[in-house]
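Please read all numbers here as calculations on a predicted model, not as lab measurements. Each chain gets a letter, A, B and so on, in the order the sequences are listed, and its residues count up from 1.
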There are 2 protein chains.
Amino acid sequence: MTDSEIRYQSLLHKLQQRGCRLTSHRLALARLLSISEGHPNASQLYETLRTQFPTISLATIYKTLTLLKEEGEVLEIDLHSDSHYDGNKPYPHPHLICSRCGAILDGDSVRSLTALNQEIEQTYGFHISRYQLVFYGVCQSCLQAERSA
Amino acid sequence: MTDSEIRYQSLLHKLQQRGCRLTSHRLALARLLSISEGHPNASQLYETLRTQFPTISLATIYKTLTLLKEEGEVLEIDLHSDSHYDGNKPYPHPHLICSRCGAILDGDSVRSLTALNQEIEQTYGFHISRYQLVFYGVCQSCLQAERSA
DNA sequence: TTCTTTTTGGATAATCATTCTCTAAACATG
DNA sequence: CATGTTTAGAGAATGATTATCCAAAAAGAA
């Protein structure tokens, strides 16, 4: 079973557990989220699904995304009035946004994040429950393209 | 000269340098930003100023905030469709948001942040230009109030 | 199966923060 | 003082997101 297949089953399971109806629209959205490599926003998901399901509405996208968020199966990345969604890594992790190409890259696998969390908890007596870390700059491939140009 | 006085002069200087007119509305906003301990949003700034300047409009607040942002004198904290502004520490720094009392606390003075930035640059070959780090949880005073209750 | 009851999905309408536009006022210059 | 030019600011517009409400689907009774 592929990773995306595992994610898909996990999304379906949570929706089922919650007693939600598994309509074709919801199945298609869950599938799309689980295979998406990037971090689509609601409009992008809508436009993609609309080719196959012309009657689907944006509200359905938002409602299902909210359900999946509440179940902890989707992470919302809250950017300036344009939320993007991660259905593959639904836990908090840093994101790197390239100002050149617009890519949203995952920044998990940075070990020093643990130290930062600990220092904040100790220094400020603050109990962290979740976080959103966004770094803006230029990604590796854009830097390389620049150098070779 | 107090810290807030220094900040006020700095805001005025940048507006002047840019060739902006120093209207009473703008002066009042610059003053308010420089003395604000917390992190007000546009509406809060508007409501505060409206008592003294009944004719001021929200658009003026937004426009002047944009000017000051561009001059690097104000930092925008981009939360879920509700931006807050910091006129005292206009450089990127972590913020701690308390889910209980809603306070937005400054998380500057964490040393391990440098290590995190370096690790991201090295691990992903990503050139960071700015960042927004927001930690959600419970602040020290709310934790203490909870314990003593 | 068929009718009734109840819940849930989804299309449209509404909302709200933010931005755009356009008029009028302020400043500089002759 | 008059004239031209720039900019402030009020109200209209925008666009992402959310709320409402109708219809369709499931469940249960006969």
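With sequence neighbours excluded, the residues that form a ring-ring contact (aromatic ring centres under 6.0 Å, His included) with A:Tyr131 are B:Phe135. With sequence neighbours left out, A:Tyr85 forms a ring-ring contact (aromatic ring centres under 6.0 Å, His included) with no residue at all. Evaluation of the side-chain hydrogen bond (donor to acceptor under 3.5 Å, both in side chains) rule for A:Glu76 yields A:Lys69, A:Ser83 as partners, not counting sequence neighbours. By the side-chain hydrogen bond (donor to acceptor under 3.5 Å, both in side chains) test, B:Thr2 pairs with B:Ser4, sequence neighbours left out. The side-chain hydrogen bond (donor to acceptor under 3.5 Å, both in side chains) test applied to B:His84 returns B:Asp82, not counting sequence neighbours. A search for ring-ring contact (aromatic ring centres under 6.0 Å, His included) contacts involving A:Phe126 returns nothing, not counting sequence neighbours. Shown here are the side-chain hydrogen bond (donor to acceptor under 3.5 Å, both in side chains) partners of A:Ser112, two or more places apart in sequence or in another chain: B:Glu119. By the ring-ring contact (aromatic ring centres under 6.0 Å, His included) test, A:Tyr136 pairs with no residue at all, sequence neighbours left out.
Side-chain nitrogen and oxygen atoms of B:Tyr62 include none within less than 4.0 Å of the OP1 or OP2 phosphate oxygen of C:dT19. Distances shorter than 4.0 Å separate none of the side-chain N or O atoms of B:Ser83 from OP1 or OP2 on C:dA17.
The CD1 atom of A:Ile61 sits 13 Å away from the C1' atom of D:dT17 (whole-angstrom rounding). Rounding to whole angstrom units, OH of residue B:Tyr46 and P of C:dT18 are separated by 14 Å. Rounded to whole Å, atom C1' of D:dT7 lies 13 Å from atom CG of B:Leu15. One interatomic measurement links the two molecules: CG of A:Asn41 to C1' of D:dT17, which rounds to 12 Å at whole-angstrom precision.
Tracing side-chain contacts under 4.5 Å through hydrophobic residues (I, L, V, M, F, W, Y), one reaches B:Leu96 starting from B:Leu116; they form part of the same cluster.
Counting only residues at least two apart or on different chains, the side-chain hydrogen bond (donor to acceptor under 3.5 Å, both in side chains) pairs with a member in residues 28-38 of chain B are B:Glu5-B:Arg31.
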Pick out the pairs of N or O atoms, protein on one side and nucleotides 5-12 of chain C on the other, that lie under 3.5 Å.
{"residue": "C:dT7", "atom": "O2", "partner": "A:Arg21", "partner atom": "NH2", "Å": "3.0"}
{"residue": "C:dT8", "atom": "O4'", "partner": "A:Arg21", "partner atom": "NH2", "Å": "2.9"}
{"residue": "C:dG9", "atom": "OP1", "partner": "A:Arg21", "partner atom": "N", "Å": "3.2"}
{"residue": "C:dG9", "atom": "OP1", "partner": "A:Arg26", "partner atom": "NH1", "Å": "2.0"}
{"residue": "C:dG9", "atom": "OP1", "partner": "A:Arg26", "partner atom": "NH2", "Å": "3.2"}
{"residue": "C:dG9", "atom": "OP2", "partner": "A:Arg26", "partner atom": "NH2", "Å": "3.1"}
{"residue": "C:dG9", "atom": "O5'", "partner": "A:Arg26", "partner atom": "NH1", "Å": "3.4"}
{"residue": "C:dG9", "atom": "O5'", "partner": "A:Arg26", "partner atom": "NH2", "Å": "3.2"}
{"residue": "C:dG10", "atom": "OP1", "partner": "A:Thr23", "partner atom": "OG1", "Å": "3.4"}
{"residue": "C:dG10", "atom": "OP1", "partner": "A:His25", "partner atom": "ND1", "Å": "3.1"}
{"residue": "C:dG10", "atom": "N7", "partner": "A:Lys63", "partner atom": "NZ", "Å": "3.0"}
{"residue": "C:dG10", "atom": "O6", "partner": "A:Lys63", "partner atom": "NZ", "Å": "2.8"}
{"residue": "C:dA11", "atom": "OP1", "partner": "A:Thr55", "partner atom": "O", "Å": "2.2"}
{"residue": "C:dA11", "atom": "OP2", "partner": "A:Thr55", "partner atom": "O", "Å": "2.9"}
{"residue": "C:dA11", "atom": "OP2", "partner": "A:Ser57", "partner atom": "N", "Å": "2.5"}
{"residue": "C:dA11", "atom": "OP2", "partner": "A:Ser57", "partner atom": "OG", "Å": "2.9"}

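The stretch residues 74-82 of chain A touches DNA chain C through A:His80, each having a heavy atom under 4.0 angstrom from the strand. Of the residues in residues 27-40 of chain A, not one places a heavy atom less than 4.0 Å from an atom of DNA chain C.
For the atom pair CG of B:Leu68 and NZ of B:Lys63, the computed distance is 13.5 Å after rounding to the nearest 0.5 Å.
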